[in-house]
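Have a look at the structure below before the remarks.
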There are 2 protein chains.
Amino acid sequence: MSLRHAVLGLLSEGPASGYDLMKMFDISLSNVWPATQSQLYAELGKLADADLVDVSAEGPRGRKEYAITEAGLAELRHWITEVEPARVLRSDMLLRVFFLAQVSPEQARGYLRHQAEHVRKHVEHLEGLREFLENREDNLSAYGRLSLEYGLRLGKAQQEWAEWAEGQIG
Amino acid sequence: MSLRHAVLGLLSEGPASGYDLMKMFDISLSNVWPATQSQLYAELGKLADADLVDVSAEGPRGRKEYAITEAGLAELRHWITEVEPARVLRSDMLLRVFFLAQVSPEQARGYLRHQAEHVRKHVEHLEGLREFLENREDNLSAYGRLSLEYGLRLGKAQQEWAEWAEGQIG
DNA sequence: TGTGGCATGTAAGATGTTACATGATTTG
DNA sequence: CAAATCATGTAACATCTTACATGCCACA
C-alpha cells in the first residue's frame with residue numbers, strides 16, 4: 001500500500017489538493033512511484049475516511065485542500081522506520097534478455113544497443129532534473145536529490161552493462 | 001502482459017508443466033519477473049485458449065505438459081524485438097528516501113545503513129547463483145548470466161549509493 | 001467569447017496477492 | 001504407513017490502467 005504513503009509523504013510538507021498532488025507526482029515521484037489521477041482521488045477519499053488526512057480548505061471549482069493529521073504523520077513515520085521495503089523489481093526489459101536466444105544474434109545485439117541508448121537518454125533527462133532541483137531548499141528537494149543521484153548512478157551502471165552485454169553476444 | 005511472455009519464453013526452451021514452470025520462475029525469474037502459482041495456472045489456461053501453447057502430454061496426478069506452438073513462438077519473437085519495454089520502476093525503498101525529513105537524522109542514517117546492508121546480502125546471494133549457473137550450457141543459463149551480471153552491477157551501485165547517501169545526512 | 005488550465009470524480013477491465021481446497025504418488 | 005513432494009485449481013481482494021464524464025474559472 002505504498003501509494004497511500006506517497007500521498008501522506010507529500011502532504012507532510014504541507015496541504016495540497018488532488019490536482020496539486022498530481023503535479024507533484026508527475027514532477028518528483030514519477031520515476032519512483034508513478035500514480036494516475038484516478039488512483040489519487042480514490043486514495044484521498046480513503047485516507048480521509050481513515051482520518052489520516054482532513055479536508056483543510058475548500059476553494060473555487062470544487063477544490064478540496066487536504067492536510068495530513070497527527071494520525072497520518074504517525075502512520076508515515078511508522079512506515080518509514082518500521083516497515084521493511086518490499087523491493088519487488090519487475091523489469092520486462094531484463095525479462096527479454098533471458099529469451100534473447102530466440103532471436104538472431106544481430107537482433108539480440110540490436111536490442112541491447114537500443115536499451116543502452118534509451119537509458120542514456122533517461123540519464124540525460126535526470127541531469128536536466130538535477131539543474132531544476134539545484135537551488136531548492138525544501139525537504140522534498142533535498143531528499144529528492146539523494147533519490148536523483150540514485151537514478152543517475154544506476155542509470156549509468158545500466159548503460160555500461162548494456163554495452164558490455166552487447167559485446168558478450170557472439 | 002509480460003507474465004504471458006515470461007511463460008512463452010520458458011516454454012521456448014522445451015515443454016513443461018505448470019509445476020515445472022513454477023520452479024523455473026522461482027529459480028531463474030524471481031528477481032526479474034516474480035509470479036505466483038495461481039497466476040501461472042490461470043495464464044497457462046489463457047495461453048492454451050489463444051493457441052499459443054498446446055497440452056503436449058499428460059502424466060500422473062493430473063500433470064499437464066505444455067508446449068509452445070508456432071504462433072506462440074512468433075508472438076514471443078515479436079514481443080522481444082518489436083515491443084518497447086515498459087520500464088516502470090516502482091521502488092518503495094526509494095520512495096521512503098523522499099520523506100526522510102519526517103524522521104530524525106539518526107533514524108534516516110539508520111534506514112540507509114540498513115538498506116546498504118540488505119543489498120549487500122542480496123549481492124552475496126546473486127554471487128551464489130552465479131556459481132550455480134557457471135557450468136550450465138543451456139540458453140536460459142547463458143542469457144541468465146547476462147541478467148545476473150546486471151543484478152550484480154546494479155546491486156553494487158545501489159550499495160555504494162546507500163553508503164554515500166548516509167554520509168550526506170548531516 | 002472561447003480556449004486552456006483547474007478540478008473532481010466514476011467505471012470497466014487487467015493484473016497481482018493471499019488464502020483456501022483437494023488429491024495422487026513417491027520414498028523412507 | 002506417514003511425510004514430503006508433485007500437481008492443479010478456485011475465490012476474494014487489492015491494486016493499477018485506461019477511458020469516460022463533467023463543469024468552473026481566468027485571461028487574452
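Each chain gets a letter, A, B and so on, in the order its sequence line appears, and its residues count up from 1. Heavy atoms only: backbone and side chains are in, while hydrogens, waters and symmetry mates are out. Since the model is a prediction, treat every value here as computed from it, not as a measurement.
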Between [atom2] of [N] and [atom1] of [X], the distance in whole Å:
X: A:E65; N: C:dC6; atom1: CD; atom2: P; answer: 15 Å
X: A:R61; N: C:dG5; atom1: CZ; atom2: C1'; answer: 7 Å
X: B:Y66; N: D:dG9; atom1: OH; atom2: C1'; answer: 10 Å
X: A:R63; N: C:dG9; atom1: CZ; atom2: P; answer: 13 Å
X: B:R4; N: C:dA14; atom1: CZ; atom2: P; answer: 11 Å
X: B:E58; N: C:dT25; atom1: CD; atom2: P; answer: 14 Å
X: A:L3; N: C:dG16; atom1: CG; atom2: P; answer: 17 Å
X: A:L21; N: C:dG9; atom1: CG; atom2: P; answer: 13 Å

(request) Indicate whether any N or O donor in one side chain lies under 3.5 Å from an N or O acceptor in the other, for B:R96 and B:Q102. (result) no
(message) Under a 3.5 Å threshold, yes or no: a donor from one side chain and an acceptor from the other, between B:Q158 and B:H122?
(response) no
(request) Please determine if B:R4 and B:E43 form a salt bridge, counting it only when a charged side-chain N lies under 4.0 Å from a carboxylate O. (result) yes
(message) Tell me whether B:D54 is salt-bridged to B:K64, with the criterion being a basic N under 4.0 Å from an acidic carboxylate O.
(response) no
(request) Any chance you could measure A:L44, atom CG, to A:L52, atom CG, to the nearest 0.5 Å? (result) 11.5 Å
(message) Could you measure the distance from the CG atom of B:D51 to the CD atom of B:E70? Nearest 0.5 Å is fine.
(response) 13.0 Å
(message) Working note: B:L100 + B:R109, criterion side-chain contact (heavy atoms from CB on, under 4.5 Å); need CA distance, chi angles, decisive distance, verdict.
(response) CA-CA 9 Å; B:L100 282 179; B:R109 281 191 294 266; over 6 Å; no
(request) Evaluate the side-chain contact (heavy atoms from CB on, under 4.5 Å) criterion for residues B:R145 and B:R130: first the C-alpha distance (whole Å), next the side-chain angles of each, then the deciding distance (0.1 Å), finally the verdict. (result) CA-CA 7 Å; B:R145 279 191 288 268; B:R130 176 193 261 163; over 6 Å; no
(message) Please pick, from D:dC6, C:dA14, C:dT8, the nucleotide with the shortest atom-to-atom distance to any side-chain atom of B:M1.
(response) C:dA14
(request) Measure up the A:F99 and B:W79 rings against each other and bin them: parallel (under 30°), tilted (30 to 60°), perpendicular (over 60°). (result) tilted
(message) Using five pairs at each end of the helix from C:dT1-D:dA28 to C:dG28-D:dC1 to define an axis, what is the angle between those two axes, to 10°?
(response) 20°
(message) Please determine whether a side-chain nitrogen or oxygen atom of A:K64 lies at a distance below 4.0 Å from atom OP1 or OP2 of C:dG9.
(response)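 Checking C:dG9 against A:K64, a side-chain N or O does come within under 4.0 Å of OP1 or OP2.
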(request) Kindly say if B:R90 contacts the phosphate of D:dT17, meaning a side-chain N or O under 4.0 Å from OP1 or OP2. (result)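 Indeed, a polar side-chain atom of B:R90 lies that close.
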(request) Within residues 27-51 of chain A, find the residues that approach DNA chain C with a heavy atom at under 4.0 Å, and present them sorted by residue number. (result) A:Q37, A:S38, A:Y41
